[in-house]
Participant: 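Could you have a look at this structure, given as structure tokens, before my questions?
Proteins come first, then strands; the chains are lettered A, B, ... in the order of their sequence lines, and each starts at number 1.
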Number of protein chains: 2
Amino acid sequence: MASDTDDLAFDVFSRQCPSRSTLEHATGRWGSLTLGALYEESLRFNELRRRVDGVSEKMLSQTLHALERDGLVLRDAQPVNPPRVDYELTPLGREVAGRLLGLIHLVEGRMDDVLAARTRYDEARGGR
Amino acid sequence: MASDTDDLAFDVFSRQCPSRSTLEHATGRWGSLTLGALYEESLRFNELRRRVDGVSEKMLSQTLHALERDGLVLRDAQPVNPPRVDYELTPLGREVAGRLLGLIHLVEGRMDDVLAARTRYDEARGGR
DNA sequence: CCGTATCCCACTCGATACTG
DNA sequence: CAGTATCGAGTGGGATACGG
């Protein structure tokens, strides 16, 4: 059924496959928003922090490190004073971010449906 | 600069926008794998559990409830003995899952690059 | 300005046991 | 088979303070 395409070296459905952690970094709570924000333009640390509403310094730092390690984000530190560091997407990061953004826009554009579904669900249960 | 397209009612970058929680349900650790697994065929609870390697009963149950509430997954319980419940995607769930699967395949197909990037990163740091 | 280090609480998650 | 209930360990993540 699916085995004709299963000469894949990596299978994210398998527990210890390294691709799963990469997917989690990219789709995680802050990862997806960070990548999405960087799609339009490269940004500095605090610009990014303002754009991704609600992220703490710690989590943004952590998120950026994970994405940089996975080769999705490039850190460009310029040795000037005051220090200036720009974060931008790598080519691979751009591909990933593009798909993420497509998903984000799809969800944003269908929130009416989602909200309606939630109301229906809650009414069917709240009755009990 | 982006405001010409910003007549959007929902903005996931904003902290309390409900679209953010929906995105998190869909892209979360188990949400993305669950939706991906259901894309090919509808599955029963324990089939799903076997397919999504590593998920516990509790988390699968929780994940399915969240996705059902958001209108991405449909729960079809048949009152037979032994009980049989099938989970399938709604049309919206199918669109979301399709994009997720595209992302999954992209990541799986580029894991060589990711792994190489990780090695580079670790060597540059491990040296210290 | 650009982060890292530390503390600590809340909540997530997994294991186990139990019900219909 | 298809879940729910409970509990305890681990960790995600915010606040704060500090270093380059």
Participant: Could you tell me which non-hydrogen atom of B/F13 sits nearest to which non-hydrogen atom of A/L33, and how far apart they are?
Facilitator: CE2-O, 3.2 Å
Participant: So, do B/V114 and A/L92 sit near enough that their side-chain heavy atoms are less than 4.5 Å apart?
Facilitator: yes
Participant: What is the distance, rounded to the nearest whole Å, between atom CZ of B/F45 and atom C1' of C/dT19?
Facilitator: 14 Å
Participant: Taking 4.0 Å as the cut-off, does a side-chain nitrogen or oxygen of B/H65 come that near to OP1 or OP2 on D/dT4?
Facilitator: yes
Participant: For D/dA2, does OP1 or OP2 lie under 4.0 Å from any side-chain N or O of B/R44?
Facilitator: yes
Participant: Taking CD from A/E47 and P from C/dC1, how many angstroms apart are they, rounded to a whole number?
Facilitator: 11 Å
Participant: Supply the atom-to-atom distance B/R49 CZ to B/L64 CG, rounded to the nearest 0.5 angstrom.
Facilitator: 12.0 Å
Participant: Treat primed atoms plus P, OP1 and OP2 as sugar-phosphate and everything else as base, then score nucleotides 7-20 of chain D 5' to 3': B for base contact with protein heavy atoms under 4.0 Å, S for sugar-phosphate contact only, - for none.
Facilitator: B-----BBB-B--B
Participant: For the atom pair CG (A/D76) and CD (A/E88), what is the distance rounded to the nearest 0.5 Å?
Facilitator: 6.0 Å
Participant: Between C1' on D/dA2 and CZ on B/R50, what's the gap in Å once rounded to a whole number?
Facilitator: 12 Å
Participant: Between C1' on C/dC1 and CG on A/L60, what's the gap in Å once rounded to a whole number?
Facilitator: 14 Å
Participant: Contact list please: residues 69-78 of chain B against DNA chain D, heavy atoms, distance less than 4.0 Å, in numerical order.
Facilitator: B/R75
Participant: Is the closest side-chain donor-acceptor distance between A/T22 and A/R69 under 3.5 Å?
Facilitator: no
Participant: Determine: side-chain N/O of B/S61 to OP1/OP2 of D/dT4, distance under 4.0 Å, yes or no.
Facilitator: yes
Participant: May I ask you to decide whether B/R110 forms a salt bridge with A/E95, counting only side-chain N to carboxylate O separations under 4.0 Å?
Facilitator: yes
Participant: What is the distance, to the nearest angstrom, from the CZ atom on B/R49 to the P atom on D/dT4?
Facilitator: 13 Å
Participant: Which word best sums up how the rings of B/H65 and A/Y121 line up, parallel for under 30°, tilted for 30 to 60°, or perpendicular for over 60°?
Facilitator: perpendicular
Participant: Does either side chain, that of A/D53 or that of B/Q16, offer a donor lying less than 3.5 Å from an acceptor on the other one?
Facilitator: no
Participant: Could you tell me if A/R118 and B/S21 have a donor-acceptor pair between their side chains, going purely by distance under 3.5 Å?
Facilitator: yes
Participant: In this structure, how many angstroms lie between the P atom of C/dC2 and the CG atom of A/L64, rounded?
Facilitator: 12 Å
Participant: Can you measure A/D86 atom CG to C/dC1 atom P for me and round it to whole angstrom units?
Facilitator: 14 Å
Participant: Can you see if the side chain of B/Y87 gets near the phosphate of D/dC1 - specifically, an N or O under 4.0 Å from OP1 or OP2?
Facilitator: no
Participant: For a quick check of understanding: with a heavy-atom distance under 4.0 Å over all strands, which category does B/N81 fall into, base, sugar-phosphate or nothing?
Facilitator: nothing
